[in-house]
Amino acid sequence: MPSNLPPDTRLLLIDDHQIYLDTLGSLCEGGKLDHAHNAAQAIQQVQSNTYDLILLDLQLPDSSGLALLQRLNAIDAMVPVAILTASNSPSDLDAALQLGAAGFISKTADGKTLIEAVTQLLFGAQVVIGDESRPLDRQSSARDVGITPRQLEI
């Protein structure tokens, strides 16, 4: 089910798991997909190339994805960066969006959903796709860390 991206689309996937590169690469016909396994490689790639979209995992061997998100935005704030993660934590979602992420996509998304999300991100939309089997429940998560429903509302 490959999908054609707009011609000459250039993506960077920052993830230390090869399977995501293999999967995304097979889905992204029409575009070029570069890959970085860690933050250091990602910084080198971004300083050497121009990207239309960056997909960033939250867990990297040499940095947190959120710290790298800030560094990437400092290098080029015009390139959208979306989080592609196994996390379904509302606090990760909120932190990523607060730090300027263009999207937050669960790694449980199927190929069609992922390509649709990439296309929407390329056209400037903000995309949030959680793990449907574990909905993002801010109230439960807030209770777990001692925040009252009223504090959450405020």
Side-chain angles (χ1 to χ4, degrees), residues 1-6 9-17 19-31 33-39 42 45-46 51-60 63-154:
M1 171 219 34
S3 174
N4 291 327
L5 292 174
T9 300
R10 191 155 189 187
L11 307 175
L12 174 62
L13 173 63
I14 306 168
D15 196 308
D16 58 334
H17 294 98
I19 193 165
Y20 291 103
L21 173 63
D22 295 343
T23 302
L24 195 56
S26 69
L27 295 173
C28 292
E29 286 185 5
L33 179 66
D34 291 338
H35 187 251
H37 291 279
N38 57 47
Q45 293 273 46
V46 170
Y51 293 100
D52 298 299
L53 175 65
I54 298 171
L55 298 171
L56 170 63
D57 190 12
L58 286 179
Q59 301 297 320
L60 298 171
S63 175
S64 83
L66 294 175
L68 183 54
L69 172 62
Q70 290 177 296
R71 291 178 66 194
L72 294 171
N73 284 337
I75 293 169
D76 188 347
M78 297 304 293
V79 177
V81 179
I83 303 299
L84 179 62
T85 182
S87 172
N88 202 47
S89 164
S91 61
D92 286 342
L93 167 65
D94 290 340
L97 296 179
Q98 288 273 323
L99 292 172
F104 192 91
I105 304 165
S106 172
K107 285 185 175 178
T108 61
D110 61 30
K112 180 180 181 219
T113 302
L114 180 57
I115 290 299
E116 287 172 1
V118 165
T119 302
Q120 289 177 0
L121 288 160
L122 287 169
F123 287 103
Q126 186 176 59
V127 176
V128 176
I129 300 171
D131 179 348
E132 292 182 14
S133 68
R134 298 180 340 206
L136 294 166
D137 180 358
R138 286 184 168 77
Q139 291 206 348
S140 294
S141 296
R143 276 194 301 274
D144 292 345
V145 296
I147 298 173
T148 67
R150 178 66 179 140
Q151 288 172 318
L152 184 61
E153 182 182 324
I154 293 169

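Position 1 is the first residue of the sequence, and the numbers go up from there. None of the values given here were measured: they were computed from a predicted structure.
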**Q** Is there a side-chain contact between I75 and V79 (heavy atoms, below 4.5 Å)?
**A** no
**Q** Looking only at heavy atoms, which two atoms of T108 and G130 are closest? And how far apart?
**A** OG1-O, 4.5 Å
**Q** Determine which pairs satisfy salt bridge (Lys or Arg N to Asp or Glu O under 4.0 Å) with at least one residue from residues 95-108, sequence neighbours left out, and list them in order.
**A** D15-K107, D57-K107
**Q** Determine the minimum heavy-atom distance between A42 and L68, stating which atoms define it.
**A** CB-CD2, 4.0 Å
**Q** Within the structure provided, determine whether P80 and L121 are in side-chain contact (heavy-atom separation under 4.5 Å).
**A** no
**Q** D52: which residues meet the side-chain hydrogen bond (donor to acceptor under 3.5 Å, both in side chains) condition with it, sequence neighbours left out?
**A** none
**Q** From D34 CG over to I14 CD1, what is the distance, rounded to the nearest 0.5 angstrom?
**A** 10.5 Å
**Q** Using side-chain contact (heavy atoms from CB on, under 4.5 Å) as the criterion, point out the one residue from S89, S91, P90 that pairs with S87.
**A** S89
**Q** Taking atom CG of N73 and atom CE of M78, what is their separation to the nearest 0.5 Å?
**A** 11.5 Å
**Q** My understanding is that only one of L55, L53, V81, V46 makes a side-chain contact (heavy atoms from CB on, under 4.5 Å) with L12; could you say which?
**A** V46
**Q** Hey, is the main chain of H35 close enough, under 3.5 Å, to the side chain of Q45 for a donor-acceptor pair?
**A** yes
**Q** Does any non-hydrogen side-chain atom of F104 lie less than 4.5 Å from one of D92?
**A** yes
**Q** OG of S106 to CD1 of I83: how many Å apart, nearest 0.5 Å?
**A** 13.0 Å
**Q** Would you say Q126 has more than 12 foreign heavy atoms packed within less than 6.0 Å of its CD?
**A** yes
**Q** Measure the CG-CG distance between L99 and D94 for me, rounded to the nearest 0.5 Å.
**A** 10.5 Å
**Q** Out of the candidates L56, I54, L114, only one should pair with L84 under the side-chain contact (heavy atoms from CB on, under 4.5 Å) rule; please name it.
**A** L114
**Q** What's the separation between atom CD1 in I129 and atom CD in E116, rounded to the nearest 0.5 Å?
**A** 8.0 Å
